[in-house]
Amino acid sequence: MYRTHDCGALRLTDLNSTVTLSGWVQISRDLGGLTFVDLRDRYGITQLVFNMDTDAALCEHARKLGREFVIQVTGTVQERSNKNPNRPTGDIEIEVATLKVLNSSKTPPFTIETDTDGGDDLRLKYRYLDIRREPLQRNLRFRSKVTIETRKYLDQQEFVEIETPCLIKSTPEGARDFVVPSRMNPGEFYALPQSPQTFKQILMVAGMDRYFQIVKCFRDEDLRADRQPEFSQIDCEMAFVTREDILNTFEGLTKHLYKELNGITLPDFPRMSYDDAMRLYGSDKPDLRFDMAFEELNDLGQGRGFGIFDGAQLIAGICAKGVADQWSNKELNDLTDWVKRPQIGAQGLVYVRFNTDGTIKSTVGKFFDDEALRGWGERFGAGPGDVLLVLSGETDKVRKQLGELRLEVGRRLGLMTPGVVKPLWVLDFPLLEWDDDTNRFYAMHHPFTAPKPEEIDKMNSNDREVLKGLHADAYDLVINGVEIGGGSIRIHDRALQSKNFSLLGFTPEEAEAQFGFLLGAFEYGAPPHGGIAFGLDRLCAVMNGQNNIRDYIAFPKNNMGRDMMIDAPSRIDQGQLDELGLDVRVRE
Ligand code: ASP
């Protein structure tokens, strides 16, 4: 028997019992007469003590233990004289009688502690050492519980877990596909799924009624902290449902997960249209941990001789409450530089400072007297101590820039309070997005998303502006400014689906070649249906107030899409290439 207890189990109630523990040596401290070893496993750390007076040879042996040696000890539980209140096992220690080294270890390249000194790539290369660290242990256990609770909840709601294939057909829509050459069909390729979208819709046609899958999805996109080339979704589809049914079911799942895992009871989630989210927060995923909604000032700002405002499509601003004393001109100039950075791209920043002594200071004082500026203040409900930050220009750009500024101000003022959870449904996204470069429309969500029923007629318009204004029955769940998931009511009518493909620039032949299987299925009694997918990695991170999804994935890729541990991707040999019928010239 390797152990009677794990390294997190023993307490004062176990005093004087004889126990056997196995684990890794976290650290060994030699204090002359006594040697202390911290023994670690997944469950915790227990202090071992070796006494020179009792057994000198054993003590010598213990002194030689290196970090990460795997050992087994037997000994007696005793009360510690120097207790460690930060550890559940901190009241006791094991006075060791026998020690067995189960395996030695090289000195690890970084410290296996909560705050490690290891850089990102090093930690990924030695991921097995990184995962020994408590935060990663905790994260992977958290993720496991999320999937288990998800399955429990969805099972109770009659969802059936169904696997869909990983080798599928490449389509030009959406992100870039990862492709896999087919040996048996030379010159032909499978694609790895960006999502099981069409399969889950086919399962609705097939009468499965409620489907879910915790599934790997693959997208060949540039990477960021919250993106990985392969990631996991909680993917779902339901038949004979309205949007309301789907929102309620998945709001229920989210509440269930927060309750079971974080002990938080969430109130009903507010809802906001996409148009309002853009108008009020300049983002389709507003962080509602703080308000600071936009106000528009065109009527108050134009016609006063200030050329920049007069020529602007939109003048809009935010109000930072109570910062007038805290923010010197230096801070405001710094924010001005911040919005002028190329990543944000604003031309400049107008500010109005309502000082606590009642005076008003503004960068546009030449054009607007105090009375005019007080009018601005009223619009924001601003009072003494508040500062208005105002941008102007093209509507879409101003909203985006002001949205970024709002978040930056929120960060600087510490308004994104850790532990606060602010979910939000964003509804009624645009159906289509025009792209100037390729001179065509793309589906904002995906080509299977249904338009709002009352707008279907407008799909026959030839006016690009009318088409741009179409809304989809699509929704996103946002938590604390992070998009957790999205979905839509689908088109289930063949003619409407064909119409949508034609708006997306597909000829009927192209639509048939790409999606003929789905259009065909729609001819055999497709029920009304809809669904949603949550990003599992992101959900886990957000539930823990983190934004790096890598910390919730056991074996993630680095920023270049490399697996540093197994060293992938890698070249394959000529024989393999020949067998696949691939003629690959590698540029050195
Ligand atoms: N397949 C979609 C996605 O991956 C989600 C959905 O519409 O259900 O974003």
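What you see below is based on every heavy atom in this structure, not just the backbone, and it leaves out hydrogens, waters and symmetry mates. Just so you know, ligand 1 is whichever comes first in the structure, and atom 1 is the first atom listed for that ligand.
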_Would you say Arg143 and Ser232 are linked by a side-chain donor-acceptor pair, where the criterion is simply a distance under 3.5 Å?_
yes
_Geometric class of the Trp434/Phe441 ring pair [parallel <30°, tilted 30-60°, perpendicular >60°]_ = perpendicular
*For the residue pair Phe534 and Phe250, does the interplanar ring angle fall in the parallel (under 30°), tilted (30 to 60°) or perpendicular (over 60°) class?*
perpendicular
*With sequence neighbours excluded, tell me which residues meet side chain to side chain donor-acceptor pair (under 3.5 Å) with Thr164.*
Gln213
Between ligand 1 and the protein, which N/O pairs fall short of 3.5 Å?
residue, atom, partner, partner atom, Å
ligand 1, 1 (N), Ser195, OG, 3.1
ligand 1, 1 (N), Gln197, OE1, 2.7
ligand 1, 4 (O), Arg219, NH2, 3.0
ligand 1, 4 (O), Gln233, NE2, 3.1
ligand 1, 7 (O), Gln197, OE1, 3.3
ligand 1, 7 (O), His445, NE2, 3.4
ligand 1, 7 (O), His446, NE2, 2.9
ligand 1, 7 (O), Arg490, NH1, 2.8
ligand 1, 7 (O), Arg490, NH2, 3.3
ligand 1, 8 (O), Lys200, NZ, 2.6
ligand 1, 8 (O), Arg490, NH2, 2.7
ligand 1, 8 (O), Ile532, N, 3.4

*Which class fits the ring pair Phe515 and Phe506: parallel under 30°, tilted 30 to 60°, perpendicular over 60°?*
tilted
*Using modelled atom types only, decide if a donor and an acceptor are shared between the side chain of Arg406 and the backbone of Asp291 within a distance under 3.5 Å.*
yes
